Protein chains: 2
Amino acid sequence: MATTIDDVARAAGVSTSTVSYVLSGKRPISAPTRQRVERAIRELGYRPHAGARALASSRTNVLALMAPLRVDVNVSVIMQFVTGVVTAARTFDHDVLLLTADEIAGMERVANGSMVDALVMMDIEADDPRVPVLAGLSQPAVLIGLPRDPEGLSCVDLDFEAAGHLAARHLARLGHRQIALLGSPQAVLDRHTSYAERMIRGFTRGTSDAGVTGVVEPCESSMAGAVDAVDRVLAALPDVTGLVVHNEVALPWVLATLRERGRHVPDDVSVVAVCPPDVAVGQALPLTNVDIPAHAIGRVAVEMAMARVERSEPAETRLLAPMLVERASTVAPVR
Amino acid sequence: MATTIDDVARAAGVSTSTVSYVLSGKRPISAPTRQRVERAIRELGYRPHAGARALASSRTNVLALMAPLRVDVNVSVIMQFVTGVVTAARTFDHDVLLLTADEIAGMERVANGSMVDALVMMDIEADDPRVPVLAGLSQPAVLIGLPRDPEGLSCVDLDFEAAGHLAARHLARLGHRQIALLGSPQAVLDRHTSYAERMIRGFTRGTSDAGVTGVVEPCESSMAGAVDAVDRVLAALPDVTGLVVHNEVALPWVLATLRERGRHVPDDVSVVAVCPPDVAVGQALPLTNVDIPAHAIGRVAVEMAMARVERSEPAETRLLAPMLVERASTVAPVR
DNA sequence: GGGAAGCGTCGAAGCGCTTCGCCAGCGTAG
DNA sequence: CTACGCTGGCGAAGCGCTTCGACGCTTCCC
């Protein structure tokens, strides 16, 4: 267990630097030598000491992931981001350090303590307090979400504006003239979490482009909140026939409330859910949905981070195009 | 940013070792000197380099957390474990490295690479392939869950057997004579995940102790699975008046199915949920529940890990006593 | 045939920190 | 007045790895 690079070198009859170069590939090593070294490594079960490596190379092969884990965010989507980041990190031979609470202090600790090569931050708000801190760090960071001014920052997210537009257009093209968006909880909007605002913007633009009536209602992530939001929509738009739901937690309750209010899906009202596919197909009726490709976003975030670490590539913002999958919950309105 | 301990020493007019001792407290330093050093640290914004520290002290101040993130496990409970572990780790000045996929290779990598001081492993199965690997590692590990033979291992979990017993007893004492347990998905049982089996054992013992009829049905974590499981229970026990549900994902669908089958909760059937309180109160009706104190279990796991790291304490198994909170979903059966 | 250019390998100098042994200076006791 | 023990601080030796310059050798080209 306590084998060092020197043990390997001795066993292979070479110098320590040769072993190091076999490991890193940074200088050419002849095939026979390389094989001897590799054999010694295998036989001794050697693993380089991460700390020593970090000290000498100033690379840790660790990524920090700052996940909010707030109560009103959807846990399963968060989880998908996390797994996306972790699996992608592994393909770059990196591990993931998880930061949840105490984020500002945490990022300074792991960055200034040289524990990580880069940071990935989730759940970015318009004026996120973490963003200004980044300037003082020597490691690159990638934001999942968009701050108010993304200039000079690496950002990645679903193009929620396009998603809102797409959902609205889909309903309008089916012939719906009165449609509504059930969105994020008020608390999320109050934080100016950008995806919620972009979603609303896209939806609104979609309705006006199509010349249909659209209303937007926030929706708490609880049963009571869902009931309330549905009732508000029905009050504002009694003849509503299309609904876009951008709140996975509330989704089942929204559907239940519609049923209770005597609105059948899809005969009376078509529903587009903005959520991962497993949530969409797991409901009573398979729902037409606009995917939130959390796993892919996580992967892209890591790729961007590694590009900056390994090749000093400049920061850029990437918005992933939304995709709508039609299922049983959206049909043309019955006249 | 690139300030080192030598910079601090120079600024404070002391030697590097003195700075180190101020930081670690391992030797007494006179008050005036200490204050000079602390001031220099503050003014320079100094942070020790984690890698260098790990190399010299062979302590990394990092904990590995192996979270499964399988599809059929409940994500929100997992999340609570994770946050429990992360916050507890911080109180011991440790960070958390998250391992999800590829677990065996991952544990060997982080352990043999000296990346972590200890491992915390979730979702332990009876014959978990990770357990034998532990013997070859030089770091201690704590298991959340119980393997078949916990001898010599650090384990912590809710006492699910007591939980099953408690839930059954609660219903029996209210006067219910025919009760059922809707448990984990078949896949979880097939893995011999111990909590599921212990739950069933406790429930069964509870029913026979109380002299009431009990049946156990596994329950998939999907709407179809919930409907199916409820129907199986109603078929097996047409006069069932008490239900224990140990599957948070299926819980809402179970309640919906009961309603659809014309069984009113709690008038026709009392329901005890085994889940965190927020899930229990978030349903249509606030449910009587046996808590799964995921956060507390995570904290205890970290405490046990640190006890072994810092004070070489021996391994032990700790089962947390279950607690039942009575809410609106359980009443005496109407005669 | 001779100099330049590669190639494969080695040696040694750190990277920033901890820790052990040591020593100077002091107070106290014999 | 010397001897001794304490206290507070210092110096230096690593911890295990990477990386740079150097070296001896072969190959190539004019």
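Proteins come first, then strands; the chains are lettered A, B, ... in the order of their sequence lines, and each starts at number 1. Since this is a predicted model, take the numbers as computed values, not measurements.
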What pairs with Asp159(B) under salt bridge (charged side-chain N to carboxylate O under 4.0 Å, His left out), at least two apart in sequence or on another chain?
none
Nearest of dA12(D), dG9(D), dG16(C) to any side-chain atom of Thr16(B)?
dA12(D)
Could you check how far CZ of Arg36(A) sits from C1' of dG8(C), rounded to whole Å?
12 Å
Heavy atoms from C-beta onward define the side chain here; which of dC17(C), dC10(C), dT18(C) lies closest to that of Ser20(B)?
dT18(C)
What is the separation between atom CZ on Arg34(B) and atom P on dG9(D), rounded to the nearest whole Å?
9 Å
Got a second to check how far Leu65(A)'s CG is from Phe81(A)'s CZ, nearest 0.5 Å?
10.5 Å
Find the bend of the helix from dG1(C)-dC30(D) to dG30(C)-dC1(D) as the angle between its two terminal axes (five pairs each), to the nearest 10°.
50°
Side chains of residues 28-35 of chain A: which donor-acceptor partners sit under 3.5 Å, not counting sequence neighbours?
from	atom 1	to	atom 2	distance (Å)
Ser30(A)	OG	Thr33(A)	OG1	2.8
Arg34(A)	NH2	Ile29(A)	O	2.9

With respect to the side chain of Ile5(A), which nucleotide from dC17(D), dC15(C), dT18(C) is positioned closest?
dC17(D)
Could you identify which residues of residues 89-97 of chain B place a heavy atom less than 4.0 Å from some atom of DNA chain C, listed by residue number, or say none?
none
Please name the residue in the list Leu119(A), Val110(A), Val116(A) that meets the side chain to side chain contact (heavy atoms under 4.5 Å, CB included) test with Leu137(A).
Leu119(A)
Separation of dC17(C) atom C1' from His49(B) atom NE2, nearest Å, is 10 Å
For Arg59(A), what residues pass the side chain to side chain donor-acceptor pair (under 3.5 Å) criterion, not counting sequence neighbours?
Asp117(A)
I want to check one thing: is the phosphate of dG16(C), taken as OP1 and OP2, less than 4.0 Å away from some side-chain N or O of Arg53(B)?
no
Against the side chain of Leu55(A), the closest entry in dC15(C), dT19(C), dT18(D) is dC15(C)
In whole Å, I'd like the distance from the CE atom of Met115(B) to the C1' atom of dC15(D).
17 Å
From CG of Leu23(A) across to C1' of dG16(D) the rounded distance in Å is 12 Å
Among dT18(D), dT18(C), dG11(C), which nucleotide sits nearest the side chain of Ser15(A)?
dG11(C)
Kindly write out the residues that satisfy side chain to side chain donor-acceptor pair (under 3.5 Å) with Arg39(A), not counting sequence neighbours, or none if the list is empty.
Glu43(A)
Got a list of side-chain donor-acceptor pairs under 3.5 Å for residues 141-158 of chain B, not counting sequence neighbours?
from	atom 1	to	atom 2	distance (Å)
Arg148(B)	NE	Asp127(B)	OD1	3.1
Arg148(B)	NE	Asp127(B)	OD2	3.4
Arg148(B)	NH2	Asp127(B)	OD2	2.6
Asp149(B)	OD1	Glu151(B)	N	3.1
Ser154(B)	OG	Arg308(B)	NH1	2.9
Asp157(B)	OD2	Arg198(B)	NH2	2.5

Quick one: side chain to side chain donor-acceptor pair (under 3.5 Å) partners of Arg311(A), sequence neighbours excluded?
Glu313(A)
Among the nucleotides dT18(D), dC17(C), dC10(D), whichever has the atom closest to the side chain of Ser17(B) is dC10(D)
Calculate the interatomic distance between Asp6(B) atom CG and dA12(D) atom P; express it in whole Å.
13 Å
Thr16(A) side chain to Ala9(A) main-chain N or O, any donor-acceptor pair under 3.5 Å?
no
Suppose the criterion is salt bridge (Lys or Arg N to Asp or Glu O under 4.0 Å): which pairs have a residue in residues 9-29 of chain A, not counting sequence neighbours?
Asp7(A)-Arg10(A)
Against the side chain of Thr4(B), the closest entry in dC15(C), dG9(D), dG16(C) is dG16(C)
Side chain to side chain donor-acceptor pair (under 3.5 Å), that's the test. Do Ser17(A) and Ser20(A) meet it? Break it down for me.
CA-CA 5 Å; Ser17(A) 47; Ser20(A) 179; over 6 Å; no
Please write out the pairs of protein N or O atoms and N or O atoms of nucleotides 21-24 of chain D separated by less than 3.5 Å, giving the distance to one decimal.
from	atom 1	to	atom 2	distance (Å)
dG21(D)	N7	Arg27(A)	NH2	3.3
dG21(D)	O6	Arg27(A)	NH1	2.3
dG21(D)	O6	Arg27(A)	NH2	3.4
dA22(D)	N6	Arg27(A)	NH1	3.4

Can you name the residues that form a salt bridge (charged side-chain N to carboxylate O under 4.0 Å, His left out) with Glu38(B), not counting sequence neighbours?
none
Specify the separation, in whole Å, of atom CZ of Arg10(A) and atom P of dC10(C).
14 Å
Would you please confirm or rule out a distance under 4.0 Å between OP1 or OP2 of dT9(C) and any side-chain N or O of Ser30(A)?
yes
Lys26(A) vs dT18(D): side-chain N/O to OP1/OP2 distance below 4.0 Å:
no
I need the CZ-P distance between Arg59(A) and dG16(D), as an integer number of Å.
23 Å
Which is more 5' along DNA chain C, the nucleotide nearest Ala31(A) or the one nearest Ala52(A)? Just name the residue.
Ala31(A)
Side chain to side chain donor-acceptor pair (under 3.5 Å) partners for Arg109(B), two or more places apart
Asp95(A)
